[in-house]
Structures are given as structure tokens and as C-alpha cells.
J.: 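Have a look at the structure that comes next, please.
All chains are named by letter (A, B, ...) in the order of the sequence lines, taking the proteins before the strands, and each is independently numbered beginning at 1.
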Amino acid sequence: MAETLLEVRHLNAFYRNRGRRQQILHDVSFTIHEGEVLGLVGESGCGKTTLSRAILGINREIDGEILHHGGQPRMVFQDPASSLNPAWTVGRLLEEPLRNAGVPKQERLARAIEMLDLVGLDSASYERRPGGLSGGQRQRVGIAAAIIGQPKLVIADEPVSALDVTIQAQILDLFMRLRKELGLSYLFISHDMDVIWQISDTVMVMENGRIVETGPRDDVFRDPQHPYTKKLLDAAL
Amino acid sequence: MKRRNWTLRIGGCVAAVMVALILLGTVWTPYDPNALAGAEKSMAPCLAHLFGTDNFGRDLFSRVLEGGRTSLLIAFCTVAIGGVCGTVIGSLTGYFGGLVDEVLMRFNDSVSAFPNILLALVCVSIFGTGKYKIILVLGVLFIPSFARIVRGEFARERSRDYVENARIMGAGPFRVMFAHILPNVKTVLLSSVAIGFNNAVLAEAGMSFLSMGVQPPDASLGRMLAEAQGSLFTMPWYALSTGCFMVLLILGFSLLGQGLQEQEREL
Amino acid sequence: MIEVKNLRVAFPDKAGKPEQAVKGISFTIGDGEILGIVGESGSGKTQTALALAGLSPRKASVEGEILLDGRDLMPLSREEIRNVQGKDIAMVFQEPMTSLDPTMRVGRQVEEVLEIHTKLDKNARQELALQALRDVELRDVETVYRKYPHELSGGQRQRAMIAGAIIGGPKLLIADEPTTALDVTIQAEILYLLGKLNREKGMSILFISHDLRVIRRLCHRTLVMHGGHIVEQGDVGQVFQDPQDDYTKTLIASIPTRRY
Amino acid sequence: MKYYLRKLVTLIITLFVVSLLAFLAFQIVPGDAAARILGTEATPESLAALRHQMGLDRPMLVQYGDWLNQFLFGDMGNSYSYTMSVKALLGPKLPITFTLTAMAFLMIVCISIPLGVWQGKHAGEASDAVTGAVGQVFMSVPSFFLGIVFTLVFGIGLKLFTQGQFIHYDQSVSGFFGYLFFPALAIALPKSAMAAKLLRASVIRELQQDYVRTARSRGRKFSSVLRVHVLRNALIPVVTFLAMTIPEIVANSIIVEQVFTIPGIGRLLLSSILASDYPVVLAIVVMLAFLVVLMNFLADVLYQRIDPRIKVR
């Protein structure tokens, strides 16, 4: 049985708004094993993003346990325009995680060029700013920056929703290729059932902060148990 | 090809010319600002005396340059004190938030209920007048307005994805603030410094006009305007020349500030 | 009903030289027909819709012919165009968050077409507005009528937008990506609603989308646009089963479809 | 309704904080009030007696409490330099400064709103550029210099008023407002230019919003789109700006009163600062601050009336 990378036990998460504490996540538990892609599907406002921020330690208003066995996971954001620092060059963005880990300058440069090539960008974009790239290229930079520190688990929060259909397909292929080549595991979040079907091994359905159904992809899609999952499948075109 | 940012260009030039003139004044002035030339009393502006002379025969252009120097110095130091402290306080409270941020925000709101000049006058009445006291008083009084602007910028940027991404990538809080956020708020800070400079010039001029600011023998544009107002009937050019010089100085920096803001929007 | 001949829309870009967004396209929309336009960003689909609705930006140059029941709209004066807008041709937009005036109650915005084009008094307009809100299957229409846009959900706001568009009994409803910003379940309901309105009121619909799956679900015929041209045109079934143009093929291949 | 209550509470708290700050500021004043009254050759005993009689030896907070409730009931203690109560001193001067400030504020509103909307509507045209440039210059002119220019042009030149001859409202109401017109204009013009620029940018931004396109898709004329939809949305940021100009109007009026020799609070404040007549200074400072905080409260209420989203916050 592959090593478990992430264990989440009875997680409750809250959102503090002007003193009032609103509970967003209710008793969420799941595990991710090495090499596994866990697809999380749910509509906007169901707590998907709160979950990803809780796992990454950005949101501390939580109780319950989050056990990282595979080191600090990295994140790929939905909107490539706002997740990359507009004032920095692509090269410096890629080297940032290595710089924080104390990797020497020369080696950082080599690894950055290597990463650009791996995600299908030519090394000339090293000097360019995110502003000068297309949506698809920017998302490739986002992915490169996430995996350059060789994390075992990458959390992708709606990584393709903001892209055009043809570009979306290319980025999904990239995610699947990187998974095979680098043995990465993903927590892949999307509201699009078809995208989830294409990339996930196991699927988790979330409604209003609760996990309503979990299971291998084909079981969940072929004979969904929970009415909400059925509703999502019927609504998907 | 980026649309030419005229506001920035004109503002930059006017401000540069005025500052250059004043700096030149520190080294050379057409006449000795305090020399009394009895024969040339109350002369209207002419080639010999660009701004004319006052009732003691002193060359007004030289005096305006000298007065401008004091105003420039005070405004520069005020913005330096207020800007630096304001930026430090604003960035910390904006980024870290929490109780300190709330308390300082409330304090900032109640202090801003007092008009700056009113506070300055009160402080001056307690600590006394004079160039260096004015710098200290105005400098401290400008901290809240700078802090408020900087806090707003940092609080806005802190919640954006690229900042969260930076924290996930292991960057410490200070690296996030100064390496990640600062380059994105740089132009807003610069434009508020330019606008702060104007407010400082206006505040100093106002106080000196009320003879509560710079005291003789230091000259200041505000004091000169007060003197000029006395002889408005006989020498209108005295007030007009001093006033226009000050307006040009302020116009330069306000266009500069606005130009930087337009630059920001185009980025 | 609508016949478009050689429509061309161009914008002066930063350097001032005109950039063609729509490069001479021709198509027709039959009475009671739902025509889809699918294409990626920059394909010119939105500019085509705006041109039909007479909402092209001021600095754009629009050429060609747009015939509504045989009458060409292009040469009309601004005044005459305004008589068509809202009465014969209505439009619904993508962002329900920003497409309503945040400081005005929803009811008054739904009535706006009546306020502009008719002499009906306040009560008559309110009655028709409440009826329109019922037509779009909104519950508790009286309270929705008095609410402000930010007090409604995305789905409710989009329904109120549609109510405001159909209240004038238009011949053609142009919908520019009306469901893109909505959740999957709500998107399905809105698509169902548009289909019902088309059947019941016989209103033709021009439906713009970047998602072929939405087009497949709602439209009778569709155009595929790429780089300002129509690269393919035909019944939805035929375009999906046997696409002629390469670009259409890549579009269809890119849809993440469930094969089991 | 809850919104107003919350705002009222913050208003009262701010007033307390403001008055406490002012009061404390005057406690750290170097030198002793009693010594100033008795002069240099006073004996220590007489000094102590006077200090006790004036209650200066009581703990700070008690003095503050005493002073505050007297202040609220109109008794602001006695002036050091004038042998009369502060209230009597301020009485005739308060309405003058209040009228000046109110006139200036009204002028700002009446000039900036039509100008801003007009500029926003004709954005990009030559006329917009010209008025923009003129506005830019006016923004950079300090009020007191503008006052001097007005005196030169309208006073000495066109003789519309005689500089220095303030007409009290007892003598003639029209003369009173006539004389205050130019000082108010001197205060108002720079701020109107700023408010107009802000409103112009706001109108331009709102014109690009989706709801404007929706209204036009329904066949609404451009001018009525502006009037019915855009104006209210565009005014939201301007209301906050106008509220923020109130402290600056008050400050400028102090200086402009000097230029036009208007016997308002401003001139009194100056003379009492020079004479370190602190009860008067304290009273004026607190009163001006109350005026400012009150106006901010009114602006908040107005702000909420225009933007319904505020209630939810």
C-alpha cells in the first residue's frame, strides 16, 4: 500500500468576519496516498478553497488534525494573472522556492531553465514578466513554480477554469504527463465533472462544507449514492 | 507603444526646474537677499530685478529663492519623517492586522478629526516656533496620513493570491512584505510622497503666513506673503511673484504625483 | 427574421491602425430559432452580438447589413436604433454581479424597458414586471421586486436580467455567455428556462458561448467562429457528428467528455 | 437602523477621545497658568493658593471630568488674557466662522458636482482637457494666496468689497454675506477642483460598467443613463472625499480670516495662542473637532442613503 502523504481527520474550519465566526468546513476527513490523484468536486461556496488554504496552513482558524507525511505541499491557483507577482520576472518567480530553501544561485538558474523546458515553455520566457504571457503560458509558469521544489503533493485549485477550452485540454494533459514523469500526487479541485472524471483516481464530492460522497472515480460516476452527486451529474452537460 | 504620460512629463519638468532654481539659490543669487539698495526701493519687476524690489530695496527674486529653500527643506524633511515612519507603521499594521491594527486605525481616525494646521498651531504654541521645531511637528503630524495610505495598500495586497503563494513557498513575513508586496505598491507610495510634499509646503506656508512658523532671520515663502499682503496697494508684484513661485512649485509636484498614479493604472 | 450580410467590425488599436475583430461574416436567424455562436476568446463572437444589439463601442467601425424582418438597421439614426433596442432586440450579459445597477431596486430595473418605450403608469409597469419575474420562475416575486441586486444570489440575478429583457416582448434575445459565471446546477436551470421561453413565447435566441457542451444542450443551429471568421455553420447534431473544419475538430476534441 | 446606532456610538466615543487628547495636550504645557496670571514676583504661597483656587492641584482625570461637564453645559472656564468667560468671548465669533465654513462647503458642492459630471460626460474632448488643466492649477493654489489675489483683483481692482471692512450681520445681512463671499470662494476653489477631478474619474469609470451597457441595450438615451444610473453610483466616492475636506476647510478658514481680517474663531485662536490663553485655545480646538466629527457623521448617513450595499456591511 503506497505511503500516505496527507491525512485529514475531523477538520472544522471557520471564517472570522468582523468578530463573527462562521463555520465553513464540517468534520472533513480523507487521506491521499503517494501517486494518487484525489479529485474534489463541488459548487462555488462549498468550501473547496477554504479546505486547500487550511491544508497549506494559510487559514489557521481550524480544529481537527492535518498530518503531512510528504513534506509541505505546493499550490497551483485558479487565476494565473493574480497568482504570479506582476513585478517579478518568470525566472525569479521560479527560483523563489529554491532561494528560500537555500539552494545556491548557479544551481537555481539551471533548475529553473530545466523546469521551463519540462512544462513546455522556451527558456526565453525566463526574462519575461507574467504580464507579457498568455493565460496558458502563465499557468504553465504557475505549475513550474509549484513543482520546482520537488514536492510530493500539489494542490490545484480550479487550475483550468479560467482558460479557453483548447488551452484547458493542453494544461490537463500537462498535469497528467507530470504525474507520470515525476510521480506527483494531486488534490485536484474543480466544479467541472468532466474535468474531474478525466484526471482523478478517486473522487470526493463536497456540499456546503461536508463530504457527501467519496470513492473510486468509476463507482462515483457510474452509480452515485448521494442525491447531490446525482444532481451534479444530471446538471453536467 | 505606451501612450505618452503627459502629466508625468510636465509635472516632472516643472518640479525639477523649481527645485533646481532653489538649489541654485543656495550657491548663487542675483543679489544678496538682505542687501538694502536704497536707490532702488519699491521697483516694479524689470530686467534688473525679475521680481522687483521691496520697500527696503531688497531684490525679491533672491529673497524668493532663499525663502523657497527654507520651504523646500522643511517640506522635504517633513515628508522624510512622516513618509518613513508612516510606511513602517502602515506596512506592519496593514500586513499583520490584528488588535494593534484596529487600535491604531481608531486612533488614526480620531486624530484626523483635527485639521493638520490646527494641530500644528497648538503644538507650536506649546513647543515654540522655529525651523527645526516646525520640521519635527509637521513630520510627526504627517505620519497618520502616510500610515493610512500604506496600510490600505498592504492590506489589499496581502489577500491576493501571489502573496499567499509566496508564503506557501516558504518566504518569511518580512521578505513577503519588502520583496513581494513593495514593488507592487511602489508607485502608489511615490505618488503619495509627492502629494505629501505639497501638503507640507502648504502647511509650512500657512503657518509662516500666520507668523507661527519660520521666524526671522530665516526667510520663508509664507512669511514673505504675509509681508507682501501689507503692501498690496503699493507693491502688488511682491505678493504675486512670491505666490506664483509657490504655486509653480506645488503644481510641479502635484502633477508628478498624479502622473505616477496614472502610471500605476497603466502598468 | 434576422439576416446578417458581410458584417465587419474593426477597432483602432493603440497605434491607431484599425484591427479587424469581425472579418465579413454572413448568417441568418429564423423565427423561433435558437442559433449558437461558439468560439474562444478573441474569435469575434461577442463583437458580433454587440453589433446586432447596436451596442458596438463608439470608436468601433461597423460595416455590412443587419436586416430585421427585411429592414436594415445599419443606416438607422441613433434615435431609430433606440426604438429597436429593448423592444425588438433585447440582450442578457455574462456577469450577473455587475450587469445590474447596484444602487437601484431590482423591480425598477426589470420595468426599465416599459419605462422607456411605453406610456404605462407605475402600477401597470409593476404588474407586468411581477408577471415577468414569475415567467422566469422566481419565487416570492413581491420581495424580489423590492430587493437590491446584492441581496440576490447569482442565479436569481440572472433570472431578473432575463425578466428585464423579455418584458418588452422582443423578437430576438441575444444572450452573451449568460451561464458562464454560474454554478453547474444553476446553469442547467437557466438553460432550461431559455428553452422554455423560446418554446412558449416563440422568441428567437442568439446564444454566445465558449463551451460547446452548453451549445449542444440548448441550440438548434450553431456557428463556429475563429479569428473573426465563421469557419463552420450548421445544425448542432450535424456539426458535432461530422465536423468539416479542422478548428471545429480540435474544439470538439478538447471537450473533457466522460466516455464510459 | 442598527447601522445608525453603531455610527452614533462611534461618534460619541470619538468625541470623548478627541476632547481627552486635547485636554491632555494642554496639561503638558510648560509653565504654570497661575504663575502667568500673578506675574513673576508672586510668592510661592500665593501661587499655591491660586493653583488650589483654580483647582489645578487636583488629579488630572478629575480636572478633565470637571472641565468636560462644564464644557457640555456651555461653561468653558475663563480666558486668561480677557477678563470674561470663554463662552462670552466665542459667542459672537462662532456664527461668523460657521457661516464662512458652510458657504465654502456649499460652494464646493455646487461647483464640483456639475463640473465633474460635465467633464466626465465630455471626457477626452478638448474642453475636458482645458478645464482639467485649469483645475490642476487651482488645486495647487493655497487658499490664502488665492485670498490675496481676490483682494487685489476684486477688492482693489473692481472695488467689489473693501478689504478689512468686515460687515457684521447686525449691520446688514446682505453686506455680511457679500463680504464673506470672496473668502469662502478662496477656501472653496482648490477643493472644488479636486472634487471635480475625482467625480470626473468616477463618472468615466462608472460609464464603463456593465449595468450601463444593460441600460443602453434597453434603448435608454445616453443623457438619461447618466442621470438615472451613473450619477448616483459615481457620487459614492465623492461623498467620502467631501466629508474628508471638512477638516481642511476649517483649517483654511483660520488662515483666510487673517487675510480678510474677519473676526471669526480663527483670528481669536491665533491671538489666544500667541497669548498662551489656553482655556480659549482648548475650547476652540475641541469645538472645531466636534464640528468635524459631526459633519463626518452626517456624511456617513448620506453615504448610506446613496449606497444601499452599506447596510449589509
J.: A cation-pi test, strictly: NZ or CZ of C:R78 under 6.0 Å from the centre of the six-membered ring of D:F222 and no more than 45 degrees from its axis. Yes or no?
T.: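 Checked: cation-pi criterion not met.
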
J.: Considering only heavy atoms, which portion of D:I236 lies under 4.5 Å from any heavy atom of chain C: side chain, backbone, both, or neither?
T.: side chain

J.: Using non-hydrogen atoms only, which part of C:M161 is less than 4.5 Å away from chain D: side chain, backbone, both, or neither?
T.: both

J.: Under 4.5 Å from any heavy atom of chain C, what part of D:V212 do you find: side chain, backbone, both or neither?
T.: neither

J.: With no hydrogens and no angle check, do the side chains of C:S77 and C:E80 hold a donor and an acceptor under 3.5 Å apart?
T.: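 Result is yes, a qualifying pair exists.
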
J.: Decide side-chain hydrogen bond (donor to acceptor under 3.5 Å, both in side chains) for C:Q131 and C:D135; before the verdict, give the C-alpha distance in whole Å, the side-chain angles of both, and the deciding distance to 0.1 Å.
T.: CA-CA 6 Å; C:Q131 183 48 43; C:D135 290 350; 2.8 Å; yes

J.: Could you tell me which portion of C:I89 (side chain, backbone, both or neither) has an atom closer than 4.5 angstrom to a non-hydrogen atom of chain D?
T.: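 Backbone only.
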
J.: With salt bridge (Lys or Arg N to Asp or Glu O under 4.0 Å) as the test, pick out the partner of C:D88 among C:K171, C:R82, C:R71.
T.: C:K171

J.: Please classify the contact between C:Q94 and chain D as side chain, backbone, both or neither, with a heavy-atom cut-off of under 4.5 Å.
T.: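 For C:Q94, neither part sits under 4.5 Å from chain D.
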
J.: Parallel, tilted or perpendicular: which fits the ring planes of D:W118 and D:H122, with parallel below 30° and perpendicular above 60°?
T.: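 Correct class here is tilted.
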
